[in-house]
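Single-structure report; data block below.
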Protein chains: 2
Amino acid sequence: MTGGFASSDKTDLIRAERDVQERLGDLAIDLSALATISNIFRASNMARYHLERTVLADEDLSFTAFTVLWVLWVWGEQEARHLAVEAGISKGTLTGVMTTLERRGYIKRSSHPTDKRLVLVNPTKAGINVMANLFPKFNAEEARIAGGLGEDEKRVLAASLRTVLRTLEALSE
Amino acid sequence: MTGGFASSDKTDLIRAERDVQERLGDLAIDLSALATISNIFRASNMARYHLERTVLADEDLSFTAFTVLWVLWVWGEQEARHLAVEAGISKGTLTGVMTTLERRGYIKRSSHPTDKRLVLVNPTKAGINVMANLFPKFNAEEARIAGGLGEDEKRVLAASLRTVLRTLEALSE
DNA sequence: TGGCAATTGTTCGGTTCCAAACGATATTGT
DNA sequence: ACAATATCGTTTGGAACCGAACAATTGCCA
């Protein structure tokens with residue numbers, strides 16, 4: 001039995017969490033859910049900011065532009081609608097990001113041969129070269145960010161996040 | 001001993017992770033770091049989007065505006081510079097968000113009595129009322145999002161994320 | 001066949017976001 | 001005392017971001 005109050009060792013909490021416990025402790029608040037979700041936001045924001053300031057700044061790519069180019073690099077030619085889903089952005093946003101990437105010569109838009117509603121997107125040689133150069137640096141920085149965790153901890157963390165993702169998918173149906 | 005290749009059971013991975021393993025498996029890529037960090041991004045984006053579409057849409061508040069108001073609700077009066085740090089946004093962004101919140105009558109700006117460079121920010125009665133009504137709903141939705149995890153899993157997840165946050169803080173010094 | 005519904009990418013309006021430049025104010029050093 | 005330096009919030013310019021409206025194209029079905 002490891003349950004009960006034994007686990008709320010405040011020395012491990014960040015300041016915000018301790019304050020919230022003190023100020024909202026009497027309300028019917030799910031503190032473990034609060035800590036879990038808000039720490040996901042915090043970690044995501046800091047990691048994104050960090051990666052943009054370090055590896056991505058070298059090529060002057062936004063995080064989103066990098067993501068879009070990464071999808072094309074890994075999967076190759078994509079229909080624009082799929083690209084938006086994979087990158088996790090709306091199709092309206094994708095239009096702007098594609099314009100930026102095309103202006104820099106990293107991607108190329110073309111029309112679908114049979115269905116003229118669709119737009120096919122391909123990475124150019126320059127785009128592929130940029131990613132081949134950039135992704136190892138990006139991944140090395142990811143490894144640094146996750147460096148405080150052991151191999152087992154990383155697996156457990158990724159698995160728990162997948163559980164959250166599946167819950168979110170189920171909630172949005 | 002649980003190490004080695006035994007843990008890479010692909011049935012638990014999401015499709016993107018499997019494809020990346022197949023396409024980049026020969027490169028010297030840290031796959032566990034890749035999965036960990038990218039799942040943090042995915043979970044954060046989906047959770048943010050979900051919360052904006054559900055609870056936050058009722059009061060027509062953006063996620064960032066909610067965060068700023070939440071900080072003021074929990075901690076009370078803040079200097080603008082601290083508010084930006086707590087909300088995780090730049091001071092330029094905060095100016096715009098404060099303008100929005102002030103236009104709606106949720107916050108009030110005032111000048112510091114002795115140091116006229118500083119701006120003090122307070123929540124209004126209306127702002128406090130909105131948060132008192134909104135935060136329980138927000139937290140209930142957080143609990144739903146984390147509902148797929150057991151109590152111990154949530155604690156472990158939050159703890160691992162704190163480790164990542166501390167690593168990121170150390171990296172940005 | 002021909003009209004109606006569905007789908008796709010773009011455009012538009014409004015907000016969020018950052019870095020950099022700026023003006024106002026405060027602090028420091030000499 | 002007073003010039004150089006630092007700090008703070010705002011403004012500006014450009015990109016990202018969404019939902020909704022839109023035109024073009026395709027599919028359906030009577």
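Residue numbers start from 1 in every chain, and the chains themselves are labelled A, B, ... in the order their sequence lines are given, proteins ahead of strands.
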Q | Intermediate values then yes/no, salt bridge (Lys or Arg N to Asp or Glu O under 4.0 Å), B:Arg166 and B:Glu169 | A | CA-CA 5 Å; B:Arg166 292 201 191 90; B:Glu169 284 170 5; over 6 Å; no

Q.
Is the phosphate of D:dA15 approached by A:Thr64 (side-chain N or O, under 4.0 Å from OP1 or OP2)?
A. no

Q. Between A:Val74 and A:Val55, is there a shared hydrophobic cluster once you connect ILVMFWY residues whose side-chain heavy atoms come closer than 4.5 Å?
A. yes

Q) According to the interplanar angle, ranging from 0 to 90°, do the rings of A:Phe66 and A:Phe135 count as parallel (below 30°), tilted (30 to 60°) or perpendicular (above 60°)? A) parallel

Q. Does one hydrophobic cluster hold both B:Trp75 and B:Trp73, with members joined at side-chain heavy-atom distances below 4.5 Å?
A. yes

Q. Taking the six-membered ring where the residue is Trp, are the ring centres of B:Phe63 and B:Tyr49 under 6.0 Å apart?
A. no

Q: For DNA chain D, find the residues of residues 89-109 of chain A with a heavy-atom distance under 4.0 Å and give them by number; none if there aren't any.
A: A:Ile89, A:Ser90, A:Thr93, A:Thr100, A:Arg103

Q) Considering only heavy atoms, which members of residues 111-121 of chain A lie under 4.0 Å from some atom of DNA chain D? A) A:Thr114, A:Asp115, A:Lys116, A:Arg117

Q: Measure the distance from OH on A:Tyr49 to P on C:dC18 and round it to the nearest whole Å.
A: 7 Å

Q) For DNA chain C, what residues of residues 51-63 of chain B have any heavy atom nearer than 4.0 Å? A) B:Ser62

Q.
side chain to side chain donor-acceptor pair (under 3.5 Å), that's the test. Do A:Ser111 and A:Arg117 meet it? Break it down for me.
A. CA-CA 8 Å; A:Ser111 184; A:Arg117 294 173 301 182; over 6 Å; no

Q | Protein-nucleotide distance (A:Glu79, atom CD; C:dT10, atom C1'), rounded to Å | A | 17 Å

Q | Side-chain donor-acceptor contact under 3.5 Å, B:Thr124 with B:Asn122 | A | no

**Q.** Interatomic distance, A:Gln78 CD vs C:dG9 P [rounded to whole Å]
**A.** 12 Å

Q: Check the pair A:Leu120, A:Gln78 against side-chain contact (heavy atoms from CB on, under 4.5 Å), reporting the backbone distance first and the verdict last.
A: CA-CA 6 Å; A:Leu120 297 178; A:Gln78 294 285 308; over 6 Å; no

